[in-house]
Amino acid sequence: MIIVTRSQVTDTEHQQVVELLQQLAGGQRPISAITMQGRRVITIDGNSLDAQTHAALSQHRAVERIVSTNMPYQLVSRAFQSEDSRVVVGDLPGSRSVTIGGAAPVIIAGPCAVESREQLLEIARAVKDAGAQVLRGGAFKPRTSPYQFQGLGIEGLQFLAEAREETGLPVITEVMEPDMVEVVSQYADILQIGSRNMQNFPLLQAVGNSAARRPVMLKRGLAATIDEWLLAAEYIVAAGNPNVILCERGIRSFDSHTRNLLDLTCVPLLHELTHLPVIVDPSHATGRRELVPTMSRAAIAAGAHGLILETHTDPDRALCDGRQSITPAQLQITVRETRLVAQIMSDSAVLSFVA
Ligand code: PEP
Ligand code: MN
């Protein structure tokens, strides 16, 4: 249940609504009270209020609307917000601003891991020339084995900031622990929460209520259901950060031909369930670079707002995920193809409207 107050509501009025809710809803405590688009939004657990409570709240002059979602997640649901959210990224100095969630697909590209200053700058220039709008690169890498390359840490973040200054591309990088959120936010335009951390609740809360409130790309957990994923997104929004982008990156399956199983059905399904932007990562989903261009086109045809593509100038010698990394030349072709698919999609939407 969500109670949205009018804009310009005073602290006293807001407190009155909270108290009324506590009193009338049998001591039910508000679980979240945040400000969204200039309005205070109070969310409580559960989806029904008795008629008396509902009437008392809706008559309060500070209350604009009461929303019942009938879903486990609330603030991220379509029932709460019918129009698509657009997440504007790139507010650090030197960065161009890019909107994720509009009609034009946004392409994020770069290496799995930042390996060195030269490697990152070379790839950053190449992905920019190929048409990517955001640069990716992991500085802190969650690796399955403790003997694998773990990332350059803070030094990697510094190289990302330098690449942004030179190219103007906003940068995205993973944050793995709550205590690192503020530090990573000093360098990154978008914080990535990796699959292995999708249900790391202290981390979700930390990116939600951090002072910087950087946009967050939340990757789907290795075997997460759609509801678990949306509830993880709800944690971030309920903590005070509405700028969340969902990223489908494949889920575990029984077949070893691909690294994961790319669940493209989730894209149109998510558009029905949530207003958050959805992007697709065909690199981790397939694990094989030869499948990436086809699944990129398919993802855009399914309605994805963008793609995140691991790209490397020497993929066979990459320190991490080379097998699934495409080259800048392949990226350039994929960017063109996905733009064409997006163009056809918008034309066909116009045609079906006219028909
Ligand atoms: C990555 O983006 O390099 C990564 C580790 O992704 P995931 O969390 O989806 O495995
Ligand atoms: Mn990777």
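These figures come from a predicted structure and were not determined experimentally. Heavy atoms only: backbone and side chains are in, while hydrogens, waters and symmetry mates are out. Atoms within a ligand are numbered from 1 in the order they appear, just like the ligands themselves. Index from 1, following the sequence.
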Kindly confirm or rule out an N or O of D281 lying under 3.5 angstrom from an N or O of ligand 1.
-> no
If you measure every N/O of D321 against every N/O of ligand 1, is any gap under 3.5 Å?
-> no
Near the Mn ion (ligand 2), is there an N/O/S atom from C112 that is less than 2.8 Å away?
-> yes
If you measure from the Lys or Arg side-chain nitrogens to the Asp or Glu carboxylate oxygens, is any gap between [X] and [Y] under 4.0 Å?
X    : Y    : result
R117 : E155 : no
E290 : R323 : yes
R214 : D189 : no
D281 : R220 : no
R40  : E13  : no

For ligand 1, is R136 a contact, meaning one of its heavy atoms is under 4.0 Å away?
-> yes
Applying a strict 4.0 Å limit to heavy atoms, is C112 in contact with ligand 1?
-> yes
for atom 4 (C) of ligand 1, nearest protein heavy atom and its distance come out as H284 NE2, 3.5 Å
Looking at E310, the N/O/S atom that lies nearest to the Mn ion (ligand 2) is called OE2
Ignoring hydrogens and angles, state whether a donor on the side chain of H284 or D321 is under 3.5 Å from an acceptor on the partner side chain.
-> yes
